[in-house]
Amino acid sequence: MALELPRVTYSNIGVDFSPVHAHLDSIIPEFEKRTLGRDWSTPFATGPREAISSPIGAELSLGKFPTSTAADIKAAIASARAGAKVWNASSLEDRLAFAARWREILAAEKYELGLAALYEVGKSRIEAIGEAEESVDMVEYYASELKRNDGYARPMKELVANETARSVMKPYGVFAVIAPFNFPLALSIGMISGALLTGNAVVFKPSPRCCLTGLLIAATLRKAGLPEGVFNIVLGDGEVGRLLATDDGIDGVAFTGSHNTGMSIFRHMAMLPHMKPVIAEMGGKNPAYVTRHAELDRAAQGVARSAFGLQGQKCSACSVVYVDNAVKDAFIAKLVAFSSRLIVGDPRRAETYMGPVYSDAAIARFRAALSEVEAKGKIHFGGTALGQGFGDNYVLPTVVELDRPDRLTRDELFMPFVVVRGVDGLEAAIAEGNDVAYGLCAGIFTRDENELQYFLDHAEAGVLYANRASGATTGAWPGAQPFCGWKGTGVSGKGGLGAWFLPQYLREQSQTIMTK
C-alpha cells in the first residue's frame with residue numbers, strides 16, 4: 001500500500017509536516033549510501049570527469065560526472081533527429097499514454113528526486129519535496145491540457161461546398177532544453193515535458209553542477225518507455241550550452257536562466273536564415289508593495305518567505321519592498337522579527353528554513369551589496385556572520401533600507417537580501433517598481449479595494465499576488481498560477497504552468513481538402 005503523506009506545495013503554511021519529516025529521516029541514510037558519491041556515466045558525455053561537492057559542505061560528494069565534448073553534442077543531436085522521425089509522427093494517444101506512465105514514475109520516486117535536489121542545491125526539505133511534487137503536477141497538468149484541446153487541432157470555416165478546412169499544430173522537430181541550477185527538477189521537467197508532450201525530441205543540458213538530478217530525470221524517462229533517441233542528455237558548462245543552442249540541428253530552444261544568456265540565444269536565432277522559436281524565462285526583480293492599509297503581520301511573513309525561501313535564489317524572489325512611510329517603521333520591525341526566527345543551517349535537518357547560498361559568486365555579490373548599504377543605507381538585520389560550524393556560503397537573511405533607488409532596487413540579486421524603500425503612496429511606489437528591466441512577479445498587501453485594483457491595473461509583471469502570507473511574490477503552481485515573464489523576463493508573452501505553454505512548442509498548419 002502506498003505511503004500516504006501530506007502533500008507539499010510552496011503555499012501550504014500551517015500544515016503539520018511531521019509525517020513527511022519522519023519519512024525523510026528514515027530514507028536519508030540509505031539515499032546517501034546508494035545515490036551520492038557514485039561514478040556516473042551517460043552515452044553523450046565522454047570527456048573528463050569532475051568531482052562535484054554539495055553546497056552543504058565540501059566533504060559531501062555528489063559524485064563524479066563526465067563532461068560532453070563537441071563531438072558528444074553533435075552525436076546527441078544526431079540521436080535526437082533520428083528519434084524525432086518517430087516521435088514527431090506519434091499520435092496524441094501515444095503521447096498521453098507516455099505522459100501517464102511518466103507521471104506515475106515521478107510520483108513513485110518524488111522523495112528520491114526531492115532529496116537529490118536538496119543535496120545538489122542546498123534546498124530545505126520542504127522546498128525540495130515541494131519541487132518534486134510540482135514536477136509531478138506539471139506533467140499531469142500539461143497532459144490534461146493536451147487532451148482537453150485535442151492536440152490543438154481545430155475545424156475551420158468551410159467557404160465552399162465539399163471543402164473542409166482545419167488547423168493543426170505540429171512539432172518543430174528537436175528542442176534544446178537548457179536548465180538552471182535553482183529548480184533542477186521542476187524547471188527541467190517543465191521544459192522537457194513541454195517539448196516531449198507536443199511531439200518534439202529533446203537534447204537536455206542541466207546546469208553544470210546539477211548533473212545528479214539531470215541523470216535521475218533521464219532515468220525516469222527510460223522507465224516510462226520513451227522511444228530510443230527521443231530524449232538525450234549532455235553535461236557540461238556554458239560552452240556546452242552555447243554549442244547546443246547554436247547547432248544547425250536544433251529546431252528550437254527552451255531556456256531558463258540569466259537575461260544576458262537568454263538574449264544571446266534569441267539574437268543568434270534572429271540572425272539565421274529563418275527564425276527558430278526561443279522559449280525563455282530570464283529572471284526578475286519582483287517588488288512587493290505594503291500600503292498603509294496592509295495587515296502588517298501578514299505582509300512581513302509574506303515578504304520574508306518570498307525573500308528568503310531557497311536563500312533568495314528564485315527568479316520570483318522578492319528582493320525589494322515598497323512600504324508606505326506611515327507604516328514603514330512598524331513593518332520593518334515585524335519583518336526583522338519574523339526573519340530573525342528563520343533557522344539557517346544544514347538543509348538535511350527538519351528545522352532548517354535556509355540552507356547555503358549556492359555559489360562563491362553569489363557570496364561575492366552578497367558581500368558587495370552589504371558594503372554598498374553600509375555606505376549609503378541601513379542594515380536592519382542580517383549579514384554574513386553565523387558563528388562556528390558554518391561555511392562561508394551560509395549567510396543570514398538580510399533586511400536593509402535605502403533612501404533612494406539604485407542598482408540594488410533594480411538589479412536581480414539572487415541571494416537572501418531584501419531592500420526596503422519608504423514611499424509616499426501606492427502610485428509612486430508602483431511607478432518606481434515598474435522602472436526595472438524585468439517583469440515577472442509582483443505582490444501587494446492592502447485591505448483597500450481601490451489600492452488593490454490600482455495594483456492589478458498598473459503593475460508591469462506577468463504574475464500578480466495580493467495579501468499572500470505564504471509568499472508575497474512566490475509560490476506559483478501548475479494549473480493555478482501561469483508563470484509569465486513580461487519585459488526583459490520573457491520573449492513570448494506566454495509563460496509556463498498555464499494554458500498557453502504547450503502551443504509554444506508547436507507550429508500551425510492549415511489543411512484544406514476538397515472532398516468531391
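The figures that follow rest on heavy atoms only: side chains count, while hydrogens, waters and symmetry mates do not. Keep in mind it's a predicted model, so treat the numbers as computed, not measured.
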CA sep, side-chain torsions, deciding dist, call: Phe483, Ser316, side-chain contact (heavy atoms from CB on, under 4.5 Å): CA-CA 9 Å; Phe483 201 64; Ser316 58; 4.0 Å; yes
Worked verdict on Val15 versus Phe17 for side-chain contact (heavy atoms from CB on, under 4.5 Å): CA-CA 6 Å; Val15 176; Phe17 286 124; 3.8 Å; yes
Residues Arg305, Thr474; criterion side-chain contact (heavy atoms from CB on, under 4.5 Å); working and verdict: CA-CA 8 Å; Arg305 288 179 60 87; Thr474 53; 5.7 Å; no
Check against salt bridge (Lys or Arg N to Asp or Glu O under 4.0 Å), Glu104 and Arg101: CA-CA 5 Å; Glu104 290 306 308; Arg101 296 193 302 269; over 6 Å; no
Criterion side-chain contact (heavy atoms from CB on, under 4.5 Å) on Thr198 and Met169, from CA distance to verdict: CA-CA 9 Å; Thr198 51; Met169 298 288 277; over 6 Å; no
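Taking all atoms of both residues into account, the shortest heavy-atom contact from Cys315 to Asn286 is O-ND2, 2.7 Å. Minimum interatomic distance between Ala128 and Gly114 (heavy atoms only, all atoms of both residues): CB-O, 3.2 Å. Val320 approaches Cys318 most closely through the heavy-atom pair O-SG, 3.5 Å. Of all heavy-atom pairs spanning Ser54 and Leu62, the tightest one is N-CG, 3.8 Å. In this structure, Val174 and Ala84 approach most closely via the heavy-atom pair CG2-CB, 4.0 Å. Of all the heavy atoms in Phe308 and Met354, the pair that sits closest is O-CG, 3.2 Å.
Summarising the geometry, atom CZ belonging to Phe414 is positioned 10.5 Å from atom OG belonging to Ser319; distances are rounded to the nearest 0.5 Å. Remark: Leu452 CG to Tyr289 OH distance equals 13.5 Å, nearest 0.5 Å. Rounded to the nearest 0.5 Å, atoms CG (Leu216) and CG (Leu212) are 4.5 Å apart. Distance CE/Met156 to OG1/Thr164: 12.0 Å, rounded to 0.5 Å. With values rounded to the nearest 0.5 angstrom, Tyr111 atom OH is found 6.0 Å from His23 atom NE2. Separation of atoms OG (Ser124) and CG (Leu310) is listed at 7.5 Å; rounding is to 0.5 Å.
With sequence neighbours excluded, no residue forms a salt bridge (Lys or Arg N to Asp or Glu O under 4.0 Å) with Lys494. The side-chain hydrogen bond (donor to acceptor under 3.5 Å, both in side chains) check on Glu140 picks up nothing, with sequence neighbours excluded. Qualifying salt bridge (Lys or Arg N to Asp or Glu O under 4.0 Å) partners for Glu432, counting only residues two or more places apart in sequence or in other chains: Arg421. By the salt bridge (Lys or Arg N to Asp or Glu O under 4.0 Å) test, Glu134 is found to be paired with no residue, residues two or more places apart in sequence or in another chain being considered. Applying the side-chain hydrogen bond (donor to acceptor under 3.5 Å, both in side chains) test to Thr35 and every residue at least two apart in sequence or in another chain returns nothing. Judged as a salt bridge (Lys or Arg N to Asp or Glu O under 4.0 Å), and not counting sequence neighbours, the contacts of Lys487 are Glu460. Judged as a side-chain hydrogen bond (donor to acceptor under 3.5 Å, both in side chains), and not counting sequence neighbours, Glu158 has no contacts. The side-chain hydrogen bond (donor to acceptor under 3.5 Å, both in side chains) search around Tyr119 returns Glu32, not counting sequence neighbours.
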Quick one: side chains of residues 261-273, donor-acceptor pairs under 3.5 Å with protein atoms, not counting sequence neighbours, listed by atom name and distance.
residue, atom, partner, partner atom, Å
Thr261, OG1, Ser258, OG, 3.0
Ser264, OG, Thr261, O, 2.6

Got a list of side-chain donor-acceptor pairs under 3.5 Å for residues 181-197, not counting sequence neighbours?
residue, atom, partner, partner atom, Å
Asn182, ND2, Gln313, O, 3.0
Ser188, OG, Pro184, O, 2.8
Ser193, OG, Ile189, O, 2.8
Ser193, OG, Gly190, O, 3.0

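Sorted by first then second residue, the ring-ring contact (aromatic ring centres under 6.0 Å, His included) pairs that include residues 125-144, not counting sequence neighbours, are Tyr142-Phe501. Identified under the side-chain hydrogen bond (donor to acceptor under 3.5 Å, both in side chains) test for residues 240-251, with sequence neighbours left out: Lys74-Asp247, Arg81-Asp251, Glu239-Arg242.
Tyr454 and His458 have parallel rings, their planes meeting at less than 30° on a 0 to 90° scale where 60° marks the start of perpendicular.
Within a 6.0 Å radius of CD in Glu228, no more than 12 heavy atoms belonging to other residues, nucleotides or ligands are found.
Salt-bridge annotation for Arg365 and Asp411: absent, with no side-chain N of the basic residue lying under 4.0 Å from a carboxylate O of the acidic one.
Leu118 has its side chain within reach of Ile56: a pair of non-hydrogen atoms, C-beta onward, lies under 4.5 Å apart.
Using modelled atom types, one finds no donor on one side chain facing an acceptor on the other under 3.5 Å when comparing Arg468 with Ser306.
Checked against a 6.0 Å centroid threshold, the rings of Phe231 and Trp102 do not count as neighbours.
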